[in-house]
Amino acid sequence: MAQVPARRVSKEIVRAARRQRAARLYTAKKERWAFRLRRLRRAVLAVGAIFVAALTTALILGGLTFATTVLVTLLAFVVFCLLAIYPSAPRTRAGDLHGTELAELAGSTEIWLEGKRRALPNAAVDAIDMIGVHLEQLAPQLATMEETGPAAREVRKLLSEHLPSLVDSYTRIPPSLRARPGTSGLSPNEQLVDGLCVISDEIEAMSEDLSRNDVDALATRNRFLETKYIDARDPG
(Lines give C-alpha, C1' and ligand atoms only; values in the text may rest on other atoms or scores of the structure.)
Protein backbone atom coordinates (compact mmCIF):
# COMPACT_ATOMS: atom_id res chain seq x y z
CA MET A 1 0.00 0.00 0.00
CA ALA A 2 1.37 3.41 -0.93
CA GLN A 3 2.21 5.79 1.83
CA VAL A 4 0.81 9.26 2.16
CA PRO A 5 3.47 11.75 1.02
CA ALA A 6 3.38 13.50 4.39
CA ARG A 7 4.78 10.32 5.96
CA ARG A 8 7.61 10.04 3.48
CA VAL A 9 8.72 13.64 3.21
CA SER A 10 9.53 16.19 5.84
CA LYS A 11 6.88 18.42 7.33
CA GLU A 12 8.78 21.38 5.90
CA ILE A 13 8.11 20.16 2.36
CA VAL A 14 4.42 19.72 3.10
CA ARG A 15 4.21 23.18 4.66
CA ALA A 16 6.06 24.62 1.67
CA ALA A 17 3.59 22.88 -0.63
CA ARG A 18 0.69 24.47 1.24
CA ARG A 19 2.31 27.90 1.10
CA GLN A 20 2.71 27.49 -2.65
CA ARG A 21 -0.93 26.45 -2.90
CA ALA A 22 -1.99 29.53 -0.93
CA ALA A 23 -0.03 31.73 -3.32
CA ARG A 24 -1.57 30.03 -6.34
CA LEU A 25 -5.08 30.39 -4.88
CA TYR A 26 -4.44 34.08 -4.22
CA THR A 27 -3.35 34.58 -7.82
CA ALA A 28 -6.35 32.62 -9.10
CA LYS A 29 -8.67 34.71 -6.92
CA LYS A 30 -7.23 37.94 -8.35
CA GLU A 31 -7.70 36.59 -11.87
CA ARG A 32 -11.34 35.71 -11.13
CA TRP A 33 -12.02 39.22 -9.81
CA ALA A 34 -10.28 40.76 -12.82
CA PHE A 35 -12.52 38.64 -15.07
CA ARG A 36 -15.62 39.80 -13.17
CA LEU A 37 -14.57 43.44 -13.39
CA ARG A 38 -14.03 43.14 -17.14
CA ARG A 39 -17.47 41.58 -17.44
CA LEU A 40 -19.02 44.38 -15.34
CA ARG A 41 -17.24 47.08 -17.35
CA ARG A 42 -18.57 45.58 -20.56
CA ALA A 43 -22.10 45.59 -19.14
CA VAL A 44 -21.83 49.26 -18.11
CA LEU A 45 -20.50 50.23 -21.55
CA ALA A 46 -23.36 48.37 -23.23
CA VAL A 47 -25.96 50.14 -21.07
CA GLY A 48 -24.28 53.48 -21.78
CA ALA A 49 -24.43 52.77 -25.52
CA ILE A 50 -28.16 51.98 -25.28
CA PHE A 51 -28.94 55.23 -23.49
CA VAL A 52 -26.75 57.26 -25.88
CA ALA A 53 -28.59 55.70 -28.82
CA ALA A 54 -31.93 56.44 -27.14
CA LEU A 55 -30.93 60.05 -26.43
CA THR A 56 -29.75 60.54 -30.01
CA THR A 57 -33.02 59.15 -31.32
CA ALA A 58 -34.98 61.41 -28.99
CA LEU A 59 -33.10 64.47 -30.26
CA ILE A 60 -33.75 63.51 -33.88
CA LEU A 61 -37.43 62.70 -33.39
CA GLY A 62 -38.13 65.45 -30.91
CA GLY A 63 -38.63 63.15 -27.95
CA LEU A 64 -39.67 59.61 -27.00
CA THR A 65 -42.99 58.35 -25.77
CA PHE A 66 -43.38 57.09 -22.22
CA ALA A 67 -43.81 53.53 -23.46
CA THR A 68 -40.62 53.76 -25.52
CA THR A 69 -38.70 55.15 -22.55
CA VAL A 70 -39.90 52.26 -20.39
CA LEU A 71 -38.89 49.72 -23.06
CA VAL A 72 -35.45 51.29 -23.40
CA THR A 73 -35.00 51.15 -19.62
CA LEU A 74 -36.09 47.52 -19.48
CA LEU A 75 -33.77 46.68 -22.38
CA ALA A 76 -30.85 48.34 -20.61
CA PHE A 77 -31.65 46.45 -17.41
CA VAL A 78 -31.84 43.07 -19.18
CA VAL A 79 -28.64 43.72 -21.14
CA PHE A 80 -26.81 44.77 -17.98
CA CYS A 81 -27.91 41.64 -16.09
CA LEU A 82 -26.97 39.31 -18.92
CA LEU A 83 -23.56 40.82 -19.57
CA ALA A 84 -22.78 41.13 -15.85
CA ILE A 85 -23.43 37.41 -15.32
CA TYR A 86 -22.42 35.76 -18.61
CA PRO A 87 -20.13 34.33 -19.68
CA SER A 88 -19.43 32.60 -16.41
CA ALA A 89 -15.87 32.31 -15.13
CA PRO A 90 -14.11 29.56 -17.10
CA ARG A 91 -13.73 26.26 -15.27
CA THR A 92 -11.53 23.40 -16.30
CA ARG A 93 -13.34 20.08 -16.69
CA ALA A 94 -11.81 16.63 -16.91
CA GLY A 95 -12.81 16.32 -20.56
CA ASP A 96 -11.02 19.58 -21.36
CA LEU A 97 -7.66 18.13 -20.34
CA HIS A 98 -7.51 15.90 -23.43
CA GLY A 99 -7.46 18.89 -25.76
CA THR A 100 -5.24 21.10 -23.62
CA GLU A 101 -1.91 22.08 -25.14
CA LEU A 102 1.00 20.26 -23.55
CA ALA A 103 2.57 23.50 -22.30
CA GLU A 104 -0.61 24.28 -20.33
CA LEU A 105 -1.49 20.74 -19.27
CA ALA A 106 0.18 20.80 -15.84
CA GLY A 107 -1.47 24.10 -14.88
CA SER A 108 -4.88 23.02 -16.18
CA THR A 109 -4.62 19.72 -14.32
CA GLU A 110 -3.78 21.52 -11.09
CA ILE A 111 -6.74 23.88 -11.51
CA TRP A 112 -9.05 20.94 -12.19
CA LEU A 113 -7.78 19.00 -9.19
CA GLU A 114 -8.13 22.07 -6.97
CA GLY A 115 -11.77 22.28 -8.01
CA LYS A 116 -12.27 18.69 -6.85
CA ARG A 117 -10.61 19.20 -3.45
CA ARG A 118 -13.85 19.69 -1.51
CA ALA A 119 -15.27 16.44 -2.85
CA LEU A 120 -12.26 14.45 -1.62
CA PRO A 121 -11.58 13.24 1.95
CA ASN A 122 -9.34 15.11 4.38
CA ALA A 123 -6.89 12.21 4.25
CA ALA A 124 -6.13 13.11 0.63
CA VAL A 125 -5.05 16.69 1.39
CA ASP A 126 -1.31 15.95 1.66
CA ALA A 127 -1.33 13.90 -1.53
CA ILE A 128 -3.15 16.67 -3.42
CA ASP A 129 -0.70 19.27 -2.14
CA MET A 130 2.28 17.18 -3.25
CA ILE A 131 0.72 16.62 -6.67
CA GLY A 132 0.41 20.39 -6.94
CA VAL A 133 4.10 20.82 -6.14
CA HIS A 134 5.17 18.21 -8.68
CA LEU A 135 2.89 19.69 -11.35
CA GLU A 136 4.43 23.10 -10.76
CA GLN A 137 7.89 21.58 -11.24
CA LEU A 138 6.74 19.75 -14.36
CA ALA A 139 5.08 22.74 -16.05
CA PRO A 140 8.22 24.47 -17.46
CA GLN A 141 9.53 21.11 -18.67
CA LEU A 142 6.34 20.45 -20.64
CA ALA A 143 6.62 23.86 -22.29
CA THR A 144 9.77 22.72 -24.11
CA MET A 145 8.66 19.16 -24.85
CA GLU A 146 7.68 17.93 -28.30
CA GLU A 147 3.92 17.36 -28.48
CA THR A 148 4.12 14.08 -30.40
CA GLY A 149 7.03 12.50 -28.53
CA PRO A 150 6.69 9.33 -26.44
CA ALA A 151 7.36 11.23 -23.20
CA ALA A 152 4.60 13.69 -24.01
CA ARG A 153 2.16 10.83 -24.61
CA GLU A 154 2.97 9.29 -21.25
CA VAL A 155 2.56 12.60 -19.42
CA ARG A 156 -0.73 13.31 -21.17
CA LYS A 157 -2.05 9.84 -20.40
CA LEU A 158 -1.21 10.22 -16.72
CA LEU A 159 -2.64 13.72 -16.29
CA SER A 160 -5.63 13.64 -18.61
CA GLU A 161 -6.71 10.01 -18.20
CA HIS A 162 -5.44 8.20 -15.11
CA LEU A 163 -5.77 11.05 -12.60
CA PRO A 164 -9.29 12.17 -13.68
CA SER A 165 -10.43 8.54 -13.87
CA LEU A 166 -9.26 7.89 -10.31
CA VAL A 167 -10.97 10.99 -8.89
CA ASP A 168 -14.18 10.58 -10.88
CA SER A 169 -14.45 6.91 -9.88
CA TYR A 170 -14.22 7.94 -6.23
CA THR A 171 -16.79 10.76 -6.48
CA ARG A 172 -19.32 8.38 -8.06
CA ILE A 173 -19.30 6.26 -4.88
CA PRO A 174 -22.10 7.20 -2.44
CA PRO A 175 -20.67 9.14 0.54
CA SER A 176 -22.07 6.57 2.98
CA LEU A 177 -19.91 3.83 1.43
CA ARG A 178 -16.61 5.70 1.08
CA ALA A 179 -15.29 4.79 4.53
CA ARG A 180 -16.48 1.18 4.39
CA PRO A 181 -13.81 -1.46 3.60
CA GLY A 182 -14.32 -3.30 0.33
CA THR A 183 -13.35 -6.77 -0.83
CA SER A 184 -9.68 -5.74 -0.88
CA GLY A 185 -9.83 -4.74 2.78
CA LEU A 186 -9.37 -1.07 1.94
CA SER A 187 -12.06 1.58 1.96
CA PRO A 188 -12.61 3.81 -1.09
CA ASN A 189 -11.05 6.65 0.93
CA GLU A 190 -7.87 4.62 1.44
CA GLN A 191 -7.80 3.46 -2.17
CA LEU A 192 -8.12 7.04 -3.36
CA VAL A 193 -5.24 8.24 -1.16
CA ASP A 194 -3.07 5.34 -2.33
CA GLY A 195 -3.87 6.11 -5.95
CA LEU A 196 -3.10 9.80 -5.52
CA CYS A 197 0.22 8.90 -3.88
CA VAL A 198 1.14 6.66 -6.79
CA ILE A 199 0.28 9.41 -9.28
CA SER A 200 2.23 11.97 -7.22
CA ASP A 201 5.28 9.70 -7.26
CA GLU A 202 4.88 9.09 -10.98
CA ILE A 203 4.71 12.82 -11.76
CA GLU A 204 7.83 13.37 -9.66
CA ALA A 205 9.63 10.53 -11.45
CA MET A 206 8.68 11.96 -14.85
CA SER A 207 9.97 15.37 -13.83
CA GLU A 208 13.23 13.85 -12.60
CA ASP A 209 13.66 11.92 -15.85
CA LEU A 210 13.15 15.08 -17.87
CA SER A 211 15.50 17.01 -15.60
CA ARG A 212 18.12 14.30 -15.86
CA ASN A 213 18.28 14.86 -19.59
CA ASP A 214 18.79 18.58 -19.00
CA VAL A 215 21.47 17.88 -16.36
CA ASP A 216 23.29 15.49 -18.68
CA ALA A 217 23.17 18.08 -21.46
CA LEU A 218 24.49 20.74 -19.08
CA ALA A 219 27.30 18.45 -17.93
CA THR A 220 28.23 17.77 -21.55
CA ARG A 221 28.37 21.48 -22.29
CA ASN A 222 30.49 22.06 -19.20
CA ARG A 223 32.99 19.38 -20.25
CA PHE A 224 33.12 20.92 -23.72
CA LEU A 225 33.87 24.35 -22.26
CA GLU A 226 36.54 22.91 -19.96
CA THR A 227 38.19 21.11 -22.86
CA LYS A 228 38.00 24.04 -25.25
CA TYR A 229 38.91 26.93 -22.98
CA ILE A 230 40.33 25.77 -19.63
CA ASP A 231 42.52 22.93 -20.89
CA ALA A 232 43.66 25.08 -23.80
CA ARG A 233 45.05 27.62 -21.35
CA ASP A 234 46.79 24.97 -19.27
CA PRO A 235 50.52 25.18 -20.13
CA GLY A 236 50.98 21.58 -19.13
Side-chain angles (χ1 to χ4, degrees), residues 17-122 124-125 128-129 131-133 135-136 139-140 142-143 147 156 159-161 163-176 178 192:
R18 290 173 180 168
R19 286 195 297 270
Q20 293 174 14
R21 173 180 176 266
R24 291 192 297 269
L25 289 179
Y26 176 73
T27 301
K29 184 177 180 180
K30 288 201 304 183
E31 291 176 351
R32 284 196 300 271
W33 275 107
F35 178 83
R36 292 167 183 167
L37 289 175
R38 289 195 300 270
R39 193 170 55 189
L40 182 62
R41 182 170 59 248
R42 184 182 58 181
V44 171
L45 290 175
V47 170
I50 291 174
F51 281 118
V52 168
L55 179 61
T56 302
T57 304
L59 292 175
I60 294 174
L61 299 179
L64 298 176
T65 64
F66 176 76
T68 303
T69 302
V70 172
L71 289 176
V72 169
T73 303
L74 289 176
L75 175 63
F77 176 76
V78 171
V79 168
F80 178 83
C81 290
L82 289 176
L83 294 182
I85 297 174
Y86 299 101
S88 58
R91 292 186 177 182
T92 303
R93 304 180 184 277
D96 298 335
L97 298 177
H98 291 280
T100 303
E101 293 185 4
L102 190 62
E104 302 175 357
L105 182 57
S108 297
T109 301
E110 186 176 1
I111 293 173
W112 171 81
L113 185 58
E114 187 63 37
K116 292 290 186 179
R117 179 182 286 261
R118 293 184 179 180
L120 305 182
N122 292 333
V125 167
I128 295 173
D129 288 339
I131 287 177
V133 171
L135 287 173
E136 190 170 8
L142 297 185
E147 278 275 358
R156 188 174 292 279
L159 300 186
S160 65
E161 295 181 20
L163 177 58
S165 177
L166 172 66
V167 174
D168 290 342
S169 297
Y170 172 83
T171 55
R172 286 195 296 268
I173 300 173
S176 59
R178 293 176 182 174
L192 172 71

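None of these values were measured; they are calculated from a predicted model. Excluded from the calculations below are hydrogen atoms, water molecules and symmetry mates; all remaining heavy atoms, backbone and side chain alike, are included.
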**Q.** Main-chain N/O of D168 paired to T171 side chain as donor or acceptor, under 3.5 Å
**A.** yes
Which distance, rounded to the nearest 0.5 Å, do you find between the [atom1] of [X] and the [atom2] of [Y]?
X	Y	atom1	atom2	result
L163	L135	CG	CG	8.0 Å
L113	E110	CG	CD	8.0 Å
I128	L120	CD1	CG	4.5 Å
K116	L166	NZ	CG	12.0 Å
T109	I131	OG1	CD1	10.0 Å

Of the non-hydrogen atoms in [X] and [Y], which two are nearest, and what is the gap between them?
X	Y	value
P164	W112	CA-CH2, 3.4 Å
A46	L83	CB-CD1, 3.4 Å
R156	E101	NH2-C, 3.9 Å
L159	A106	CD1-CA, 4.4 Å
A143	A103	CA-CB, 3.8 Å

Does the side chain of [X] reach to within under 4.5 Å of the side chain of [Y], using non-hydrogen atoms?
X	Y	value
L55	F51	no
L40	F80	yes
R117	V125	yes

Q: Count the heavy atoms belonging to other residues, nucleotides or ligands that lie under 6.0 Å from CZ of F77, then report whether that count exceeds 12.
A: no
